[in-house]
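Data first, discussion second: the structure below is written as structure tokens.
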2 protein chains.
Amino acid sequence: MPKCNCENNNLDMINQIKKDMVNDEVVFDLADFFKVFADSTRIKIISVLLKSEMCVCDIATILDMSQSAVSHQLRVLRAGRLVKYRKEGKSVYYSLDDDHVKTIIDQGYSHISH
Amino acid sequence: MPKCNCENNNLDMINQIKKDMVNDEVVFDLADFFKVFADSTRIKIISVLLKSEMCVCDIATILDMSQSAVSHQLRVLRAGRLVKYRKEGKSVYYSLDDDHVKTIIDQGYSHISH
DNA sequence: TTTTCATATGAACAACTATTCATATGTTTA
DNA sequence: TAAACATATGAATAGTTGTTCATATGAAAA
């Protein structure tokens, strides 16, 4: 089955690892989860929400972005279950809805500042 | 400056958060870091390397992928400084090169299995 | 040295994604 | 009720990304 002759990798080991591989669907879900963090706009939105609950318009103001662009990205954050929201009058207030978010962001910072 | 009347967000607060916002370049770097995790192929490669150092060909065999596709993705992992490699004869052995990798993957799993 | 093998890489293409623009929805105020 | 406001969303577009195919590089074997 292996096409090469990497001398330290025997067939048994390869077959074992292949068998132990995580289910494809789980891997896709995990990749989708990280995709949420893989955009600078969404990271900025998360950064703002780490400081305070905030309405869409104020997020747009702080980030110098259009209301539409922010709303589209909040939709992605919602789909990823990273934010929750509450409606109050005409406004919608978003806030973080996951304990892992800060941890993951911090791990990321920790890495890039090697 | 704020275009809306979200009553609990005053101008001072908005300006303060705006001023405290992380530098754009850092945010881009952070997004780029998470982009590395935002692909199922790369997550699979990382999963394999979490178990053992491995040559390119064996990774391709385990994941049922072309050598070229794996090599291209290893390049991305290398650029993100997530893997290191050593050459031995004709083969190149890759392994994980960052303590945060397992932590971040685990955090991800922790989230998606809510 | 020539061939074979393991890996890397450039170009091309298809699929995906973020933003913009226009508009819809739903709430409050006049 | 009509107008104004805050947010959401669909369509279109530009930019990005992952894979394939062909080929290059570099090392070992014949």
Side-chain angles (χ1 to χ4, degrees), chain A residues 1-9 14 24 27-28 31-46 53-80 83-95, chain B residues 1-9 14 24 27-28 31-46 53-80 83-95:
Chain A
M1 186 64 60
K3 308 143 201 155
C4 57
N5 297 317
C6 303
E7 50 278 27
N8 74 335
N9 289 328
I14 290 193
D24 251 30
V27 174
F28 278 111
D32 283 344
F33 173 66
F34 286 118
K35 272 180 193 145
V36 179
F37 294 88
D39 175 79
S40 56
T41 295
R42 288 191 291 270
I43 290 189
K44 286 180 190 174
I45 294 176
I46 291 171
E53 176 191 62
M54 184 102 24
C55 73
V56 179
C57 166
D58 283 346
I59 297 174
T61 301
I62 292 175
L63 301 183
D64 255 319
M65 293 186 54
S66 71
Q67 176 271 322
S68 181
V70 170
S71 189
H72 276 296
Q73 294 311 328
L74 282 169
R75 189 179 207 269
V76 177
L77 292 169
R78 246 158 43 214
V83 298
K84 60 176 186 286
Y85 61 94
R86 65 180 179 84
K87 300 184 178 182
E88 191 178 313
K90 288 175 287 186
S91 299
V92 179
Y93 290 87
Y94 282 85
S95 57
Chain B
M1 185 65 59
K3 308 143 199 155
C4 56
N5 297 318
C6 302
E7 50 277 26
N8 74 335
N9 290 329
I14 290 193
D24 250 30
V27 174
F28 277 113
D32 282 343
F33 173 67
F34 286 117
K35 272 181 193 145
V36 179
F37 294 88
D39 174 78
S40 56
T41 295
R42 289 192 290 271
I43 289 188
K44 287 180 189 173
I45 294 176
I46 291 171
E53 174 191 63
M54 185 102 23
C55 73
V56 180
C57 167
D58 283 346
I59 297 173
T61 302
I62 293 175
L63 301 184
D64 255 318
M65 293 187 55
S66 71
Q67 175 271 321
S68 181
V70 171
S71 189
H72 276 297
Q73 294 310 328
L74 282 168
R75 190 179 208 270
V76 177
L77 292 169
R78 245 157 45 215
V83 299
K84 60 177 185 287
Y85 61 94
R86 67 181 177 82
K87 300 184 177 180
E88 190 179 314
K90 287 176 288 187
S91 299
V92 180
Y93 290 88
Y94 281 85
S95 57

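Reminder, nothing fancy here: chain letters follow the sequence lines and each chain counts from 1.
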Listed partners of B:Lys35 passing salt bridge (Lys or Arg N to Asp or Glu O under 4.0 Å), at least two apart: B:Asp32
Listed partners of B:Ala79 passing side chain to side chain contact (heavy atoms under 4.5 Å, CB included), at least two apart: none
Set of side-chain hydrogen bond (donor to acceptor under 3.5 Å, both in side chains) partners for B:Arg75, sequence neighbours left out: none
Distance in angstrom units between B:Tyr93 OH and C:dT7 C1', rounded: 13 Å
Spacing of B:Lys90 atom NZ relative to C:dT4 atom C1', expressed in whole Å: 7 Å
Nearest-angstrom distance from the residue atom CG of B:Leu74 to C1' of D:dT17: 16 Å
Below 3.5 Å is the cut-off: list the nitrogen or oxygen pairs between protein and nucleotides 20-22 of chain C, distance only.
| from | atom 1 | to | atom 2 | distance (Å) |
| --- | --- | --- | --- | --- |
| C:dT20 | OP2 | A:Ser66 | OG | 3.3 |
| C:dT20 | O4 | A:His72 | NE2 | 3.2 |
| C:dC21 | N4 | A:Ser68 | OG | 2.7 |

Below 4.0 Å: OP1/OP2 of C:dA8 and any side-chain N or O of B:Arg75: no
Sugar-phosphate, base or nothing in reach of A:Tyr94, heavy atoms under 4.0 Å: sugar-phosphate
Separation of atom CG in B:Leu63 from atom C1' in D:dT20, rounded to whole Å: 17 Å
Flag side-chain contact, heavy atom, 4.5 Å: B:Tyr85 against B:Val56: no
Nucleic acid contacts of residues 32-43 of chain B, taken as heavy-atom distances under 4.0 Å to DNA chain C: none
For A:Asp64, all residues meeting side-chain hydrogen bond (donor to acceptor under 3.5 Å, both in side chains), sequence neighbours excluded: none
